[in-house]
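Heads up, the thing below is written out as C-alpha cells.
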Protein chains: 2
Amino acid sequence: MSADDINNFRQIITSNGYRLTRAREATFRLLVSSEPQSVAKILAKAKGTVDRVSVYRNLELFEKLGIVHRVYIGWKHKIELSDDFVKHHHHLSCLGCGKIIDIEDESHIDEFIEHVAARADFAPRRHIFEVDGYCHDCKPTKTTR
Amino acid sequence: MSADDINNFRQIITSNGYRLTRAREATFRLLVSSEPQSVAKILAKAKGTVDRVSVYRNLELFEKLGIVHRVYIGWKHKIELSDDFVKHHHHLSCLGCGKIIDIEDESHIDEFIEHVAARADFAPRRHIFEVDGYCHDCKPTKTTR
DNA sequence: TGTTTATTGCAACAGAATTGCAATATAACG
DNA sequence: CGTTATATTGCAATTCTGTTGCAATAAACA
Ligand SMILES: [Mn+2]
Ligand SMILES: [Mn+2]
Ligand SMILES: [Zn+2]
Ligand SMILES: [Zn+2]
C-alpha cells in the first residue's frame with residue numbers, strides 16, 4: 001500500500017461526490033494485504049475501530065466505485081483490491097494449506113471469452129475464474145513416506 | 001426431466017445406502033428446470049411440501065453424491081443438476097434479462113488450467129468459470145432508437 | 001406385519017447482513 | 001474562521017440464511 005494508493009483512493013471517493021471520512025479511510029487501509037480477504041477477517045480487523053455496519057456499507061460503496069471486487073475461493077467470496085490498486089487476475093487456491101497463488105496470465109482467458117462470446121453474440125463484462133486443488137507441498141499423490 | 005432421470009436418481013440414492021423418501025424425491029423434482037437455481041428459489045418452491053431443513057439436508061446429500069453441484073452466477077451461487085444429468089459446463093449470464101447461456105466448449109479451459117497449474121506445480125481439482133455481460137437482445141451498445 | 005433405525009419436521013439457535021434513527025462529523029458557504 | 005446543511009456513522013433492533021437437538025415418523029427388510 002503506497003502513498004499513491006491512498007491518494008488514488010481519496011481521489012475516487014471525493015471525485016464521486018462522497019465524503020472522505022475516518023471510517024472510510026480506515027476500512028480501506030484494512031484491505032492492504034494483496035491477498036483476498038474474507039469479510040469476516042476484515043470485520044475482525046476493524047473491531048473497536050470501525051463499526052461492523054459501516055464496514056459493510058463502505059465495502060458496498062467501494063465495490064460500486066470499483067475500488068474492490070469479489071473473488072470466489074473455496075466456494076466462499078472474499079474481498080480484493082481491484083484494478084487501479086491490484087490488476088485483475090485469478091487464483092490457484094490450495095485445499096490443503098489455504099495458500100493462494102496468483103495466475104498472471106490473463107490473455108488466454110480473455111481470448112477464450114472473446115471466442116465463446118462471439119459465437120453467442122454476447123457482450124462480456126466481467127468474469128469469475130478460480131481453481132481449487134493442491135499445491136506443491138500438499139499434493140496428496142506424493143508418497144513421501 | 002425424463003423417467004430415466006428419476007430412475008437414475010433412485011439408483012444413486014439406494015445404491016449408496018440411503019433411503020428413498022417422499023421428501024428426497026420431491027426435492028429432486030424441484031431441480032427439474034435445467035437452469036441453475038438459487039437455494040432461495042428452491043426453498044420457495046418446496047414451501048408447504050418439504051420442510052426447509054430437509055431441503056438443506058438433502059441438497060447437501062445430493063452434492064455429496066454428485067447429483068447436484070454449485071455454479072456461481074451474478075456473484076451468488078446456484079444449484080444445478082450435474083454430471084449424469086447435465087455434463088459439467090459454464091455459463092454466459094445476461095445482466096439485462098437474466099438469461100443463462102451454456103458454454104459447451106470445456107476443452108479450452110481444461111487446457112489452460114493444465115498449463116498454469118503445471119507452471120506452479122499445482123494439482124487442480126475443481127474450477128469455477130462464469131461470465132457476466134449482455135446477451136444479443138440486451139446489448140446496451142445497440143443504438144436501436 | 002413387526003422391528004430397526006434413517007429421516008423428517010418442528011422449535012430453538014447461531015451468525016451474517018440489513019434497516020431505522022438519533023448523534024456526529026464532513027464539506028461547503030458566508 | 002464560524003455556521004449550516006446533510007452525508008455518514010454507530011448503536012439497537014430486526015431480518016435472513018443456515019444449523020442443531022430431538023421426538024415423531026416412515027423406509028427398509030426380515
Ligand atoms: Mn490475487
Ligand atoms: Mn447450465
Ligand atoms: Zn497447500
Ligand atoms: Zn439478456
Side-chain angles (χ1 to χ4, degrees), chain A residues 6-31 36-65 67-80, chain B residues 6-31 36-65 67-80:
Chain A
I6 294 286
N7 286 333
N8 192 179
F9 166 76
R10 290 178 176 151
Q11 164 64 18
I12 295 174
I13 295 294
T14 54
S15 71
N16 282 89
Y18 294 95
R19 292 182 180 179
L20 206 50
T21 70
R22 204 205 98 260
R24 214 101 90 175
E25 197 161 315
T27 303
F28 177 73
R29 285 176 188 279
L30 295 178
L31 307 174
Q37 301 177 68
S38 65
V39 173
K41 190 166 187 181
I42 296 169
L43 287 173
K45 285 201 206 166
K47 199 159 202 173
T49 313
V50 184
D51 188 80
R52 289 160 21 81
V53 180
S54 298
V55 173
Y56 278 117
R57 288 198 271 228
N58 281 319
L59 285 180
E60 194 186 355
L61 175 67
F62 292 176
E63 203 175 349
K64 196 179 82 177
L65 298 181
I67 294 169
V68 303
H69 60 112
R70 290 151 196 268
V71 298
Y72 280 94
I73 291 179
W75 310 99
K76 302 256 171 196
H77 76 254
K78 301 196 171 189
I79 307 289
E80 180 179 57
Chain B
I6 293 285
N7 287 333
N8 192 181
F9 166 77
R10 289 177 177 154
Q11 164 64 18
I12 294 174
I13 295 293
T14 55
S15 71
N16 282 89
Y18 293 95
R19 293 183 180 176
L20 206 49
T21 69
R22 202 207 99 260
R24 213 101 88 177
E25 197 161 314
T27 303
F28 177 73
R29 286 177 188 279
L30 295 178
L31 306 174
Q37 301 177 69
S38 65
V39 173
K41 190 166 187 180
I42 296 169
L43 287 173
K45 284 202 207 166
K47 198 158 203 173
T49 313
V50 185
D51 188 81
R52 285 160 15 85
V53 181
S54 299
V55 173
Y56 278 118
R57 290 196 271 230
N58 282 320
L59 286 181
E60 195 185 354
L61 176 67
F62 292 176
E63 203 175 349
K64 196 179 82 179
L65 298 180
I67 294 170
V68 302
H69 61 110
R70 289 152 198 267
V71 298
Y72 282 94
I73 291 178
W75 311 98
K76 303 256 170 193
H77 77 255
K78 302 195 170 187
I79 306 290
E80 180 180 56

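The model shown is predicted, which means the values in this text are computed figures rather than measured ones. In what follows, chains are A, B, ... by sequence order, proteins preceding strands, each numbered from 1.
Applying the side-chain hydrogen bond (donor to acceptor under 3.5 Å, both in side chains) test to pairs two or more places apart or on separate chains, those with a residue in residues 9-26 of chain A are A:R10-A:E25, A:Y18-A:K64, A:R24-A:N58, A:E25-A:R29.
Atom CD1 in B:I13 sits roughly 10 Å away from atom P in D:dA28 (whole-Å rounding). The distance between atom CG of A:L43 and atom P of C:dA17, rounded to the nearest whole Å, is 7 Å. Rounded to a whole Å, the OH atom of B:Y56 is 16 Å from the C1' atom of C:dC10. Straight-line distance from the CG atom of B:L59 to the P atom of D:dT19: 11 Å, rounded to whole Å. Look at CD on B:E25: it is 11 Å from P on D:dA27, rounded to the nearest Å. One interatomic measurement links the two molecules: CD of A:E60 to P of C:dA17, which rounds to 12 Å at whole-angstrom precision.
Between A:L30 and A:I42, the shortest heavy-atom contact is CD1-O, 3.9 Å. Counting all heavy atoms, side chain and backbone alike, B:F9 lies closest to B:F28 at CD1-CD1, 3.4 Å.
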Checklist line | Under 4.0 Å protein heavy-atom contact, by nucleotide of nucleotides 3-9 of chain C - B base, S sugar-phosphate only | finding: --BBSBB
Considering only distance and modelled atom types, tabulate donor-acceptor pairs under 3.5 Å from the side chains of residues 48-56 of chain B, sequence neighbours left out.
{"from": "B:D51", "atom 1": "OD2", "to": "B:V53", "atom 2": "N", "distance (Å)": "2.9"}

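Rounded to the nearest 0.5 angstrom, B:I67 CD1 and B:I12 CD1 are separated by 4.5 Å.
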